[in-house]
Amino acid sequence: MDANTAYLTQNTPENVHTVEHPLSGGKTLEEILSNIEMTIIEEKEEHLIIDLVGIEAPIANALRRIMLSEVPTMAIEDINLWQNTSVIPDEVLAHRIGLIPIDADPRLFKFKHPNEEHSSENCICFKLHAVCRRLEDGSIVGDKVMSGDLQWQPFPNQQERFGHFKPVHDDIIIAKLGPGQEIEAELFCEKGIGATHTKWSPVCTASYRLAPKITLKKEIAGENAINLKNKCPMGVFDVKKGKAVVKNPRNCTSCRECIREDDSMVSLAKVKDHFIFTIETTGALSPRDIFREAIKELRDKAAFWLDKINIYKRTPKS
Amino acid sequence: MDESLLSRQNEPSSYTVMNVKPVSYICGWCGKENEFKSKDELRCIGCGYRIFYKKRLAEGMQYEAR
Amino acid sequence: MSQNSHQEQNLLIPAFLQLRGLVKQHIDSYDYFLTTDIKQIVSSPSNCCVLSDYNPDFYLKYKDIRVLMPSIEEDAVISSITPHECRLRDLTYAAPIEVDIEYIKGNKIICRSGLEIGMMPIMLGCCNCVLRNKSEEELAKMLECPYDPRGYFIIKGVEKVILIQEQASKNRIIVEIDSKNNVVAQVTSSTHEKKSRTVVQSKGSKIYMKHNTLSEDIPIAIVFKALGVQADQEIFQLVGTQKQYIDALGMSLQECSILNILTEKQALRFIGSKIKNSKAAKTGRTKIEEARDVLATVVLSHVPCENYDFRAKIRYLGIMVRKVIDAMNDPKKVDDRDYYGNKRLELAGQLVGLLFEDLFKRFNSDIKKHVDKIFSKPKSSKGEPFDVITAMNKKMITEGLNNAISTGNWSLKRFKMERAGVTEVLSRLSYMSALGMMTRINSQFEKTRKISGPRSLQGSQFGMICPSDTPEGESCGLVKTLALTTHITIDQPEEQISKLAFSLGVEDASLFSGDELYSPGVFRVFLNGQPLGVHRDADFLINSLREIRRKGKISEFVSVVKVEEEQQIHIACDGGRLTRPFIIIEKCKSKVEPKHIKELTLGLRNFDDFVNEGLVEYLDVNEENNAVIAMRHENISEDTTHLEIDPFTILGCVAGLIPYPHHNQSPRNTYQCAMGKQALGIIGYNQFLRVDTVLYLLAYSQTPMVRTKTIEIVNYDKLPAGHNASVAVMSYSGYDIEDAIILNKASSERGFGRSLIVKRQNSDLRRYNNGLSDRLVMPPVIHGDNPPPSIKKFHALDKGGIVAVGSIVQTGDVLVNKETPVNKVDDIEMSKLTDNDFKPSFTCFKGPNPTQVNRLFIACNPEEPFLIKTVTIETRPPELGDKFSSRHGQKGVVGLIVQQEDMPFNEQGWCPDMIMNPHGFPSRMTVGKLIELVAGKSGVFQGKFKYGTAFAGDKVIDCGEILVKNGFNYTGKDVLMCGTSGELVGAYIFSGPLYYQKLKHMVADKMHARAIGPKTALTRQPTEGRAREGGLRLGEMERDCLIGYGAASLIQERLMYSSDVFIASVCESCGNLGYEQWCQFCKSRLNIVKVKMPYACKLLFQELQAMNIRPKLNLSSS
């Protein structure tokens, strides 16, 4: 059994834990660093798939956790509600508005301290004024309040410095109105992190999976090979020259259909230091930026603790 | 009921009852604004309906979007 | 027929319920009352006229009665009202009752039509309701929810339901074994006028008749003789001439000769001497006449008896005796009281009918009293002649009806009946709780009796009453719920049926001697329990009657039952029977064919057409015994007469929410039935317009992924109560033991489990008898940032003294700054009062958290001139300790809320909303929940709702197949990564969507602690209970622990210093309690010492003194 491999058996995953202590494994830092590989598999506007090889679960997980909850974004925090005659109660409306992703680079802004005033440095202000009317011909206008209805109210010289701010999507329904109903509000965005509230999380989700390692225990040929090929819903296996081969191991979703039968000839496993990251952004930051920010954050954290340790080491023991 | 005494000391001269300054209400049926003195019959001048809603506070309310 | 079309037959059920609604029973019965019953009541001979004892010329005659549409009279203006206006303004949704009368005024006959005699509360949705047959748009204009079940009343703004009452059948013979092991046949006779119980009982070897009006049991032979059957032979013939009857009757006949009673007169005299509270002396009638009267009018009063023609009664008594003897010889012939064929359900229409008749009689007797008083005085010649309309008190009927419905106390003077708890406030906790209440059946049995019979499931309730939906605890099995397709019959006129029976060859019983009645091969025909006659060809009669019924010539609810072993045919058309529809099978073929179903789906026919064309028919519990009912198509055999429409209809609407209930352990389904009613959700489309005292709502309620057919039928998919939570069944952190659940913080921040608590607070400005009224006062001006709490609490008020709409209030904040005049008796002018003549009586907000004032409105009603209702809405995200439950009786509280990044995640990046501990499964055996998860998960990937309908639903194997196609394991178990360590989780985790309900029990409403606080006035001990900010009791058992531990000082601290310590002055010389350093007994202050004791102890001493016991305190210093 390979220590670097977790095995998916019929009933339970085996050898899942990373037992290796950095100091016990005999690997030097240089060795570890030289083995780290990073490949971008797919990059789109909204998501990014990266292969990270050669790091251990805690590091990979730390990156994932930071992306979820510690990379800052801008989100609507304070709401001044002047008028709300819609069916949605004020607080629910405020909650809904808060969850709208805002297309603004958080790196341009400072965190706002609780006692601080809203300013061009720490805040983006939007206005929302939606009125629903019945026109003379009987048609109703303005019955849907959308995120696109948010009007940016720039603070002095914000426009010159930053350009334009708006919600990421224009078609998020905030509320529906009946004729005569009205919503009027002033919205203030602040910089924050996902740990405080998920509205500040930059990602829809950021997660990884371990790279699958699929091997055939024995040569599978003929009808069995075709069966195996058909069994897998993700098309992992193929038949070449009458023999089964593992064609697309990365397609595997661990459904374990190939090892459902007791006498299966397939071995399903996971490489424990090969992480396939998927980062889906909410739209404020590009997924690449999120990943970069997460690494920066991790580095800062490490530096912070290194500093602490050094201070501790330097202080004489009493 | 010392609170009430407090309130009177607080506001001895302008201490008033409602019939000095009537508040206007919106008829629940036709939306017409009505003003009532406390002795008035509650009845909309426009449509005769007897349920009236109070207008929402004119100044904005602050909420945390959470 | 193809397999597909077999399944389509259950389209009949939505059609059935679309036509009827879930509460059709209530509405039908009330319609019957308003259109037919009320007219019968008023035209019945005992009610239709009022005469005077003093003026033989006078009469008042009711010619017609009707109930109009609901309206209200205000300031002499009559305007129509809608139910919602009644809810808002605390009005009663009632309509005027109008009568047409003819009466004598002076010496003229006067006809008056359209005279109002009172107001009748109107059931929502009934034929006189403005909501009847209204489209969704029209309902929306009246601010009404289209899915509201209706069928309830609105009395003074409160929604009241008259629960269905279950009771034993009236006017039917029931044979039982009493506590002394005697066979008893009893009949509860009930007519419009009288209610009485007649019992025929075996005692030893003799048979007796027992009746309330008679002080003793009367030997049965004497009763027969008194009724005019003088020959012993005839008595035998009336009962039966077979050996067993003669043997059993012999001793009873002998008794006659022992008492020397041989003639009718002797027998009547004997009975006359046994009558309780005899009025013979008063009225000057003989005992014989009185006995004959009792026999004619009181004993077996439901059997018609005109001009002392006792023949029908004799036959009836003969049948009773025969039944007793049969049961003596064969214990199997004893009837089962719990059998649903022997039970009748009373509905709103019947109950209000009884009440109205009682009130109407009282109304008439009040008129008569008034009229008699006028006419007993010598007539004054001048002035207007007396007009009887002035003697009519409109309020009597109005208030009588309103009071009964709003308190639930049904007191009927003429039956000497007092019944409490007939009505209940309609629970609006959730849509389901309201629906559940409308289909609830209340049993008349005492809750305290510990007999299991009435509580246990009864075979005959199959399909009629839901086997799952009953509360736990004391009323378990006594409070029940109707199944989905059950219909309760209403009264049908008997005449038509009896005429039909006679023309089908029934020979009138009165033409036969007893012997002929019981001859073998002849079937005795009964109509509603009364012997009608005999018929030689039972099958011909039954088949013809059923054929006529299927043709729609007589009511579809008439039941015809053949009882082979008794040689009897029972026809029933009375009200209160449980019936349900079946598909008719003829020659192994269903009469409902695919083309019919197609027409149904095209909207070309409705359920009534199926009934009218004889494709579907209703059977009552008794007629079910004559039918061979196939559960499914494949079960049809040669004998099959009927087919179930769909097996899931054995469940009621609340149990119908459970997916795959047939896979669950049965008590789990019962638990879910109780919890489904506590789930927060959407109450109705008009929920934000309603003004209930408390309304619990869910901000983002979702329709369940795994549905049942019932869910769609009862519109739960449109008014849901819960969330499709992504659940991982795994152990996590130890904060999930004992059914606790782990919640994802991100989910709750995105709206999972977010609830709205809508509260209403009333305050009214009263007007007092002396002309003064409450007033609103301007609040004090608040200066500075940090005002004292006594002033700060006025912060939300505006200049008018009423809270500003939109402001945030906290507990204790004033909503309405009202003042009440001190003097409410003397006549003073309002303007002359000074501020000191008023005392404040403001309304304060109550609630745990800061809350927004959402709406405020003012209204008035005839009783209250100025009603202020404040509605506040509080938003509450889920928190630690809030209660959640799945639909399988699996409840749990939130044990921990964790960050999203700490949650496990799968390879797709999914992470759960909720983690549930797997230990919940083995002992609960809720397999349905496992299947729900797999079905739900497959539905998510397929983009379709899945069905978990009882006894049907999507199969696990198919759902597994779909999962595999989408790259998931067929068992629903996924590979998960741990959110904290980043490694693989060492097990495959069963995960997917489950429908979770948030229950109304929330920590914010329950948490309570106190340091110091209010005390009760009498004992000076801390108050009790959260509502009064009370202390936490250190009880006897806790005290015992401290005693055992020897912590004396701690006990003293808890029980005295922290509770009701009191420093008493005690006189050392006399041992009495003193007061302020003075001993009144010694008239001295010399020997007074101070003693610390509990105030309760001092109180005890004084109370003892008050009853002349002197407790003496002997003091010594320690």
Side-chain angles (χ1 to χ4, degrees), chain A residues 6 8 11-18 56-62 64-70 81 83-84 87-92 94-96 98-99 194-195 197-199 201 204-210 212 231-234 251-257 260 270 272 275-276 278 280, chain C residues 685 687-689 697 699-700 744-751 754 756 758 806 808 851-855 872-877 899-903 905-911 961 963-971 973-989:
Chain A
L8 303 182
N11 296 314
T12 177
E14 280 167 9
N15 195 32
V16 294
H17 295 296
T18 317
E56 287 177 338
I59 305 288
N61 194 34
R64 182 190 70 91
R65 293 168 62 91
I66 289 168
M67 281 190 278
L68 278 171
S69 69
E70 280 177 278
L81 203 57
Q83 188 58 270
N84 172 24
V87 287
I88 298 182
D90 291 8
E91 288 190 275
V92 180
H95 169 241
R96 289 180 71 85
L99 289 173
H197 192 285
T198 29
K199 67 183 174 186
S201 182
C204 296
T205 191
S207 76
Y208 58 73
R209 62 192 178 107
L210 297 176
K231 219 180 252 175
C232 180
M234 306 318 285
N251 280 8
C252 178
T253 52
S254 315
C255 72
R256 283 132 41 224
E257 196 61 13
R260 188 162 163 182
K270 294 274 178 185
K272 285 199 279 189
F275 299 91
I276 304 170
T278 309
E280 275 177 56
Chain C
Y685 286 178
Q687 57 183 10
F688 287 117
L689 303 170
L697 308 171
Y700 298 100
N744 185 337
K745 178 162 167 277
S747 304
S748 91
E749 282 165 357
R750 288 181 178 123
R754 192 165 285 237
L756 304 173
V758 185
I808 308 280
T851 302
Q852 189 209 14
V853 178
N854 182 267
R855 279 171 291 151
T872 55
I873 299 187
E874 179 196 342
T875 339
R876 251 185 227 173
Q899 296 279 356
Q900 185 186 345
E901 62 265 27
D902 289 335
M903 279 285 181
F905 55 100
N906 79 355
E907 299 198 328
Q908 278 77 16
W910 167 97
C911 78
E961 204 63 37
L963 285 181
V964 169
K965 266 188 205 136
N966 290 284
F968 285 83
N969 188 260
Y970 72 103
T971 56
K973 290 180 175 187
D974 286 345
V975 173
L976 254 58
M977 260 80 62
C978 176
T980 47
S981 75
E983 294 168 344
L984 283 174
V985 174
Y988 300 128
I989 302 299

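Any value given below was found using the heavy atoms of this structure, including those in side chains, with hydrogens, waters and symmetry copies removed. In what follows, every chain begins at residue 1, and chains take the letters A, B, ... in the order their sequences are listed.
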| query | So, for A:Tyr208 and C:Met977, which heavy atoms are closest and what is the spacing to 0.1 Å? | reply | O-CE, 3.2 Å
| query | Side chain, backbone, both or neither: which part of A:His95 has a heavy atom under 4.5 Å from chain C? | reply | side chain
| Which portion of C:Phe968 sits near chain A, non-hydrogen atoms under 4.5 angstrom | backbone
| Any donor-acceptor N/O pair, A:Lys199 side chain to C:Glu749 backbone, under 3.5 Å | no
| request: Step by step, work out the side-chain contact (heavy atoms from CB on, under 4.5 Å) result for C:Asn906 and A:Arg209. | output: CA-CA 8 Å; C:Asn906 79 355; A:Arg209 62 192 178 107; over 6 Å; no
| Heavy-atom pair of closest approach, residues C:Ala987 and A:Pro13 | CA-CD, 3.4 Å
| message | Counting only non-hydrogen atoms closer than 4.5 Å, does A:Leu81 touch chain C with its backbone (N, CA, C, O), its side chain (CB onward), both, or neither? | response | neither
| note | The interface call for C:Thr980 against chain A, heavy-atom contacts under 4.5 Å, is both
| Is chain A contacted by the side chain of C:Lys973, its backbone, both, or neither, given a heavy-atom distance below 4.5 Å? | both
| query | Which heavy-atom pair separates C:Leu756 from A:Pro89 by the least distance, and what is that distance? | reply | CD1-CG, 3.9 Å
| said: If you apply the rule side-chain contact (heavy atoms from CB on, under 4.5 Å), what do you find for A:Val16 with C:Glu983, and how did you get there? | reply: CA-CA 7 Å; A:Val16 294; C:Glu983 294 168 344; 5.6 Å; no
| said: Given 3.5 Å as the limit, does a donor-acceptor pair link the side chain of A:Arg64 with the main chain of C:Glu901, or not? | reply: yes
| So which part of C:Asp974 gets closer than 4.5 Å to some heavy atom of chain A, the side chain, the backbone, both or neither? | backbone
| field | Under 4.5 Å from any heavy atom of chain A - which part of C:Leu963 | value | neither
| note | For C:Ile873 and A:Glu91, the nearest pair of non-hydrogen atoms, with its separation, is O-OE1, 4.0 Å
| task | Check step by step if side-chain contact (heavy atoms from CB on, under 4.5 Å) holds for A:Leu8 and C:Tyr988. | result | CA-CA 9 Å; A:Leu8 303 182; C:Tyr988 300 128; 3.3 Å; yes
| Engaged part of C:Val985 at the chain A interface, taking heavy atoms whose separation is under 4.5 Å | backbone
| field | Side chain / backbone / both / neither for A:Thr278 at chain C, heavy atoms under 4.5 Å | value | neither
| task | Of all the heavy-atom pairs spanning A:Thr198 and C:Ala746, show the shortest one and how long it is. | result | CG2-CB, 3.0 Å
| query | By a 4.5 Å heavy-atom criterion (distance strictly below it), what part of C:Cys978 contacts chain A: side chain, backbone, both, or neither? | reply | backbone
| task | Answer with side chain, backbone, both or neither: which region of A:Asn11 has an atom nearer than 4.5 Å to a non-hydrogen atom of chain C? | result | backbone
| message | Is C:Ser981 in contact with chain A via its backbone, its side chain, both, or neither, using a 4.5 Å heavy-atom distance? | response | backbone
| Among the listed options A:Val87, A:Asp90, A:Ile88, A:Ile66, the residue most often paired with chain C at heavy-atom distances under 4.5 Å | A:Asp90
| request: Could you tell me which portion of C:Gln687 (side chain, backbone, both or neither) has an atom closer than 4.5 angstrom to a non-hydrogen atom of chain A? | output: neither
| query | Roughly how far, to the nearest 0.5 Å, is the CG atom of A:Leu68 from the CD atom of C:Gln899? | reply | 10.0 Å
| Is the backbone of C:Gly967 close enough, under 3.5 Å, to the side chain of A:Thr253 for a donor and an acceptor to pair up by distance? | yes
| field | Per-residue contact mode, A:Cys232 against chain C (heavy atom under 4.5 angstrom) | value | neither
| Between C:Arg750 (side chain) and A:Leu99 (backbone), is there a donor-acceptor pair under 3.5 Å? | no
| request: Verify the distance criterion only: is there a donor paired with an acceptor across the side chains of C:Glu907 and A:Ser254 at less than 3.5 Å? | output: yes
